[in-house]
There are 2 protein chains.
Amino acid sequence: MLSKKTKYGLKALTFLAKIKDREPIQIAEIAKHENISQKFLESILLTLRRNGLLGSKKGKGGGYYLIKEPEDILMTTVMRVLEGPIAMVPCVSLNFYEKCDDCPDEEACSVHKLMLQIRDNALDVYKNNTLADLL
Amino acid sequence: MLSKKTKYGLKALTFLAKIKDREPIQIAEIAKHENISQKFLESILLTLRRNGLLGSKKGKGGGYYLIKEPEDILMTTVMRVLEGPIAMVPCVSLNFYEKCDDCPDEEACSVHKLMLQIRDNALDVYKNNTLADLL
DNA sequence: TGAATACCCTATTAAATCGATGGGATAATT
DNA sequence: AATTATCCCATCGATTTAATAGGGTATTCA
């Protein structure tokens with residue numbers, strides 16, 4: 001299942017992508033427009049900013065804004081930041097690889113074989129979609 | 001993330017697929033060979049049996065065995081039985097469809113658009129793999 | 001026929017994760 | 001200085017997951 005964190009994060013990003021001149025938008029406005037708990041959205045936007053996807057401005061007239069053009073924001077990046085590993089099993093993960101402690105031979109493992117294909121296909125989709133493609 | 005239930009279930013199925021003459025294999029033997037908690041595996045094999053993927057025989061010399069040929073067991077079936085919906089969001093699920101209560105327009109939703117592609121690609125993989133392909 | 005074997009079922013638990021919330025500190029405008 | 005809005009910490013309830021325990025029931029074989 002896709003977490004609400006990722007879902008909300010994607011919605012917020014697409015909302016911000018539609019704003020002209022990259023004018024800062026307040027959390028409250030995004031939350032209201034997308035039906036998201038404001039406090040929860042707050043923490044999501046924060047992690048997006050910490051990972052270089054958003055910029056922020058404090059004080060009056062402040063808010064969040066896109067830091068890059070939607071065409072330059074890959075879904076692989078967004079998904080890894082919000083949802084974590086793209087692979088369903090650590091032993092087929094490119095960025096978060098981890099060996100299974102119960103599995104003696106990775107090459108012979110049927111789960112490994114299947115999940116490798118799933119990862120490759122998911123990766124293809126995320127690589128071929130930028131934020132601009134979702135508008 | 002792939003649940004251990006699914007992971008163990010897949011391993012058990014591939015183990016049973018290698019048994020000649022579909023001779024019944026005891027839970028304890030599968031658990032030991034695949035490093036799985038026996039009691040946990042017990043419940044997994046039970047659901048596989050209830051969903052027509054395995055047969056069982058009680059009493060001495062009993063155990064579990066494949067009920068169909070590995071070539072005839074699609075991964076779509078296995079995944080739906082063990083892991084549940086293939087889609088990451090209910091609003092793009094074929095077998096478990098559900099409307100998002102926070103999303104006014106499904107067609108305009110960016111999450112929907114992206115997750116639809118992910119589902120299609122995953123489905124393609126699962127459709128093109130039988131249990132025999134994992135051996 | 002009876003005892004051993006092995007499936008079948010329910011309930012419980014510990015740990016982890018998720019979604020959400022509250023309170024207050026910090027920074028930037030006016 | 002006062003207002004405004006981001007920033008950050010800490011917690012909380014609900015749910016799910018993985019595993020365990022214990023006993024019931026059906027089947028087989030001697």
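So you know, we letter chains A, B, ... as the sequences are listed, proteins then strands, and number each from 1. Below, each value reflects all heavy atoms present in this structure, side chains not excepted, and no hydrogens, waters or symmetry copies.
Nucleotide dA6(C) holds its P atom 11 Å from the NZ atom of K57(B), rounded to whole Å. As a whole-Å value, the separation of L82(A) CG from dC18(C) P is 12 Å. Rounded to whole Å, the distance from CG on L2(A) to C1' on dT16(D) is 17 Å. Distance Y65(A) OH to dA28(C) C1': 13 Å, rounded to the nearest Å. For the pair I30(B) CD1 and dA6(C) P, the interatomic distance rounds to 13 Å; values are reported in whole Å. Rounded to an integer number of Å, the gap from NZ of K4(B) to C1' of dA15(C) is 12 Å. Here the P atom of nucleotide dG22(C) and the CD atom of Q38(A) are 12 Å apart, to the nearest Å. As a whole-Å value, the separation of M1(A) CE from dG19(C) P is 8 Å.
Comparing atom distances between the K39(A) side chain and each of dC9(C), dC7(D), dA20(C) picks out dC7(D) as nearest. Nearest to the side chain of S56(B), among dT30(C), dT6(D), dC7(C), sits dC7(C). Among the nucleotides dG19(C), dT27(D), dA5(D), the one closest to the side chain of Q26(A) is dA5(D). Listed nucleotides dC7(D), dT21(C), dA26(D) differ in distance to K58(B); the shortest reach to its side chain belongs to dA26(D). Closest approach to the R49(B) side chain among dA20(C), dT20(D), dC8(C) is made by dC8(C) (side chain taken as heavy atoms from C-beta onward).
Regarding contacts with the backbone of dC9(C), a side-chain N or O of R50(B) is found under 4.0 angstrom from either OP1 or OP2. Residue S43(B) places none of its side-chain N or O atoms closer than 4.0 Å to OP1 or OP2 of dC9(C). At the phosphate of dG19(C), neither OP1 nor OP2 sits under 4.0 Å from any side-chain N or O atom of Y8(A).
Along DNA chain C, the nucleotide nearest to K60(B) and the one nearest to K5(A) differ in position, and the one closer to the 5' end is contacted by K60(B).
In this structure, K5(A) NZ and T47(A) OG1 are separated by 5.0 Å, a value rounded to the nearest 0.5 Å.
If you chain together hydrophobic residues whose side chains sit under 4.5 Å apart, Y126(A) and L13(A) fall into the same group. V81(A) and L41(A) fall within a single hydrophobic cluster, where Ile, Leu, Val, Met, Phe, Trp and Tyr are joined by side-chain heavy atoms under 4.5 Å apart, directly or via other members.
The base of dC7(C) does not come close enough to the side chain of E42(B) for any donor and acceptor atom to sit less than 3.5 Å apart.
Residue-level contact check: I27(B) touches the backbone only, with heavy atoms under 4.0 Å from sugar-phosphate atoms and none from bases.
The aromatic rings of H33(A) and F15(A) sit tilted relative to each other, their planes meeting at an angle between 30° and 60°.
Counting heavy atoms from C-beta on, the side chains of T130(A) and E69(A) never come closer than 4.5 Å.
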